[in-house]
Asker: 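I have a structure I would like to understand better, so I am pasting it below and will then ask my questions one at a time.
Sequence positions, counted from 1, serve as the residue numbers for this chain. Whatever order the structure lists ligands and atoms in, that order sets their numbers, starting from 1. The basis for the numbers below is simple: all heavy atoms, side chains too, and nothing from hydrogens, waters or symmetry mates. Computed from a prediction, not measured in an experiment: that's the story for all the values here.
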Amino acid sequence: MIPFSLKVLVYKIFQFLLKISTPLLRFRTPEMFSGPGSSLLLCDHIAKTGVKNLLIVTDAMLVKLGLLGPMQERLKQLGVSYVVYDGVLPNPTIAQIETGLTLLKKEGCTAILAIGGGSSIDAAKVIAARAKNPHKIVHMAGLMRVIFKPLPLYAVPTTAGTGSEVTIAAVVSDPSTTRKFAIMDPALVPVGAALDGALMAGLPAPITAATGMDALTHAVEAYISRNHTKMTDAEALEATRLIMQNLPTAVHDGQNIEARQNMALASFKAGVAFTTAGVGYVHAIAHNFGAYYHLPHGLANAIVLPRVLDFSKPDCIDRLATLAEVSGLKQGGESAAQLADKFIAHVRKLNAEFGIPSQVEKLKESDIPAITDKAMAEAHWTYAVPRYMDKPEFEGFMRGMLPAAA
Ligand SMILES: NC(=O)c1ccc[n+]([C@@H]2O[C@H](COP(=O)([O-])OP(=O)(O)OC[C@H]3O[C@@H](n4cnc5c(N)ncnc54)[C@H](O)[C@@H]3O)[C@@H](O)[C@H]2O)c1
Ligand SMILES: [Fe+2]
């Protein structure tokens with residue numbers, strides 16, 4: 001049997017190769033519009049590109065809330081016709097994406113506008129890719145598997161969030177294998193996006209909290225990744241600072257548009273950081289909690305984040321200390337280790353303030369071996385985590401989240 005230390009060496013070499021080849025991928029950034037009302041400017045931009053027939057991908061809740069109304073009105077005024085696909089649900093499935101694709105083909109749409117959280121944007125990314133690529137969605141899983149250029153995609157995030165409006169990733173659920181997998185390809189990055197904090201004013205407090213903790217997890221995992229760069233460090237730290245300053249206000253005073261807009265910007269910046277530096281164990285585990293127990297993505301991340309930071313700390317003390325500093329936690333005179341502890345304690349404090357539990361109520365002992373295998377397979381080849389866990393350690397880590405372990 002190959003010793004785990006040798007496997008880790010192979011992972012590290014693979015991730016180093018990923019890091020040095022990343023600049024060759026030339027990530028595109030979307031044409032950006034930002035500020036309350038900027039979603040209407042994005043509509044103007046879409047009309048200027050000559051698009052005549054648009055597929056709007058969203059979820060039924062947002063249609064019911066009337067969030068699409070002003071954008072639909074603007075598109076009509078501009079002579080852009082559209083058809084709405086509102087069949088996306090949280091943690092979107094292959095079937096939901098294929099249904100959207102069928103509608104797109106039937107209506108002959110030539111571009112897509114995603115309006116919603118990460119679920120709608122991710123579903124739209126894959127519909128755009130599938131429209132030009134005949135191969136099955138599962139065959140696009142992993143890195144660089146989108147062969148032909150997708151249809152043009154525009155995105156208006158209504159959560160802050162996944163950062164999906166700027167990332168190379170789309171996360172898809174496959175209920176037939178109880179798996180949630182990521183398609184990662186620079187071709188998936190939207191061509192245009194609007195960060196319109198006003199659209200987030202009605203986002204309920206628990207979803208604001210969970211999605212905000214997702215953005216924090218992106219920033220933190222990108223910052224402690226071994227594949228960080230100067231650029232990802234700057235974006236991750238600024239995202240962390242913005243989240244620490246604005247998330248509590250956004251949760252407790254949802255109508256505060258300034259806090260909403262700052263969170264939208266933070267989520268975007270965290271997305272820029274992790275699309276290059278990658279995420280880590282928190283996401284690898286959270287994806288499985290989504291696939292197995294339908295836990296909302298941000299909530300799953302929030303539960304796992306402080307635990308992974310405790311584990312990773314010995315190999316990223318200075319980085320955690322810097323995160324504490326930008327979070328405004330430094331009083332002066334603390335050692336790096338004390339600051340690292342302060343940062344992790346602050347993450348736990350935020351979770352408690354937002355009513356986020358520390359255990360996974362639905363986690364079953366019997367699922368732990370399979371979840372461990374899937375999470376290790378996802379993390380070890382793709383994410384440059386600061387400290388590695390072997391299988392027994394991983395299973396022990398998972399057991400710490402059983403409800404009985406509380
Ligand atoms: N592509 C990426 O880079 C990336 C990164 C992280 C997560 N993800 C994926 O994104 C998905 C999660 O997305 P999410 O956390 O944004 O949530 P979501 O899109 O699943 O939405 C969660 C809920 O919030 C509601 N909602 C959204 N905006 C609202 C608003 N403005 N007002 C009221 N209700 C609103 C939705 O109707 C839904 O019920 C997961 O599948 C996750 O794996 C993708
Ligand atoms: Fe995430």
Side-chain angles (χ1 to χ4, degrees), residues 39 57-68 86-93 96-97 114-126 129 153 155-174 179-186 188-190 193 196-222 239 250 254-255 257 260 263-264 267-268 270-276 278-280 282-291 294-302 304-305 378 383:
S39 51
V57 176
T58 187
D59 70 54
M61 177 65 81
L62 301 185
V63 175
K64 202 169 146 200
L65 291 171
L67 228 68
L68 276 62
D86 67 358
V88 180
L89 292 170
N91 301 326
T93 60
Q96 287 161 29
I97 292 164
I115 305 172
S119 297
S120 295
I121 301 175
D122 285 4
K125 282 176 169 176
V126 188
L153 168 68
V156 178
T158 62
T159 62
T162 66
S164 184
E165 68 277 7
V166 68
T167 72
I168 61 169
V171 190
V172 179
S173 290
D174 182 0
R179 191 169 152 240
K180 211 176 160 193
F181 60 85
I183 302 173
M184 286 169 282
D185 196 303
L188 294 182
V189 177
D196 188 340
L199 296 175
M200 300 169 188
L203 192 66
I207 306 180
T208 303
T211 49
M213 292 306 283
D214 183 25
L216 180 66
T217 307
H218 295 154
V220 172
E221 291 207 290
Q255 298 293 324
I257 301 300
R260 292 291 191 184
M263 279 305 300
S267 166
F268 174 82
V272 172
F274 93 79
T275 215
T276 293
V279 282
V282 183
H283 270 77
I285 296 169
H287 287 153
N288 283 284
F289 289 158
H294 304 290
L295 238 59
H297 175 71
L299 179 72
N301 276 329
V304 186
L305 178 61
E378 176 178 337
Y383 308 144

Asker: Is there a protein heavy atom less than 4.0 Å away from atom 10 (O) of ligand 1?
Answerer: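 Within 4.0 Å of atom 10 (O) of ligand 1, protein heavy atoms are found.
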Asker: When you compare ligand 1 with T159, is there at least one nitrogen or oxygen pair between them that comes in under 3.5 angstrom?
Answerer: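 There is such a contact, yes.
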Asker: Answer yes or no: is there a donor N or O on one side and an acceptor on the other, between the side chain of T276 and the main chain of A273, under 3.5 Å?
Answerer: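 Pair absent, no side-chain N/O of T276 close to backbone of A273.
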Asker: What angle, to the nearest 10°, do the atoms NE2 (H218) and OD1 (D214) form about the Fe ion (ligand 2)?
Answerer: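 NE2 of H218 and OD1 of D214 make an angle of 80° at the Fe ion (ligand 2), to the nearest 10°.
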Asker: How about N288 and K180: do any of their side-chain heavy atoms sit closer than 4.5 Å?
Answerer: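 Sidechains of K180 and N288: no contact.
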Asker: May I ask you to check if ligand 1 and T158 share an N or O to N or O distance below 3.5 Å?
Answerer: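 Checking ligand 1 against T158, an N or O pair does fall under 3.5 Å apart.
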Asker: Examine G118 against ligand 1 and note whether any of their N/O atoms are separated by less than 3.5 Å.
Answerer: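 Such a contact does occur with ligand 1.
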Asker: Can you say whether the rings of F274 and H283 are parallel (under 30°), tilted (30 to 60°) or perpendicular (over 60°)?
Answerer: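 Aromatic pair F274/H283 classed parallel.
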Asker: Do any nitrogen or oxygen atoms of G163 lie less than 3.5 angstrom from nitrogen or oxygen atoms of ligand 1?
Answerer: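 N/O-N/O distance below 3.5 Å does not exist for this pair.
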Asker: Hey, is P92 one of the residues with a heavy atom under 4.0 angstrom from ligand 1?
Answerer: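 P92 counts as a contact of ligand 1 under the 4.0 Å cut-off.
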Asker: I need the nearest protein heavy-atom contact for atom 36 (C) of ligand 1: residue, atom name and distance, please.
Answerer: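 For this ligand atom, the closest protein heavy atom is D59 OD2, 3.3 Å.
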Asker: Considering only the protein, which heavy-atom contact is closest to atom 44 (C) of ligand 1, and what is its distance?
Answerer: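 Atom 44 (C) of ligand 1 sits closest to the protein heavy atom D122 OD2, 3.0 Å.
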Asker: Could you tell me whether a side-chain N or O of E165 sits under 3.5 Å from a main-chain N or O of P157, the two making a donor and an acceptor?
Answerer: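 Flag not set: sc E165 to bb P157 has no pair under 3.5 Å.
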Asker: Does the side chain to side chain donor-acceptor pair (under 3.5 Å) test come out yes or no for N91 and S173, once each step is laid out?
Answerer: CA-CA 6 Å; N91 301 326; S173 290; 5.1 Å; no
Asker: If you have a sec, work out which protein heavy atom is nearest atom 18 (P) of ligand 1 and how many Å separate them, to one decimal?
Answerer: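 It is S119 OG, 3.4 Å.
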Asker: Answer yes or no: does an N/O atom from H287 fall short of 3.5 Å to an N/O atom of ligand 1?
Answerer: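 N/O-N/O distance below 3.5 Å does not exist for this pair.
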Asker: Quick test: of every protein heavy atom, which one is nearest to atom 15 (O) of ligand 1, and how far off is it to 0.1 Å?
Answerer: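 Going atom by atom, the protein heavy atom closest to atom 15 (O) of ligand 1 ends up being T211 CG2, 3.3 Å.
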Asker: Pick one of side chain, backbone, both or neither for how L67 approaches ligand 1, counting any non-hydrogen atom pair under 4.0 Å.
Answerer: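 Answer for L67: side chain.
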Asker: Which atom name would you report as the N, O or S atom of H297 nearest the Fe ion (ligand 2)?
Answerer: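 This residue's closest N, O or S atom turns out to be NE2.
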Asker: For ligand 1, find out whether one of its N or O atoms is nearer than 3.5 Å to an N or O atom of S120.
Answerer: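 In fact, backbone or side chain, S120 has no N or O that close.
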Asker: Are the side chains of V172 and I183 in touch, meaning some heavy atoms are under 4.5 Å apart?
Answerer: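 They are in contact (side-chain heavy atoms under 4.5 Å apart), so the answer is yes.
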Asker: Has ligand 1 got any nitrogen or oxygen that is less than 3.5 angstrom from a nitrogen or oxygen of L65?
Answerer: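 No; the residue has no nitrogen or oxygen that sits under 3.5 Å from a nitrogen or oxygen of the ligand.
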Asker: Between L203 and ligand 1, find which residue part has any heavy-atom pair under 4.0 Å and reply side chain, backbone, both or neither.
Answerer: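 Looking at L203 and ligand 1, atoms from backbone and side chain both fall under 4.0 Å.
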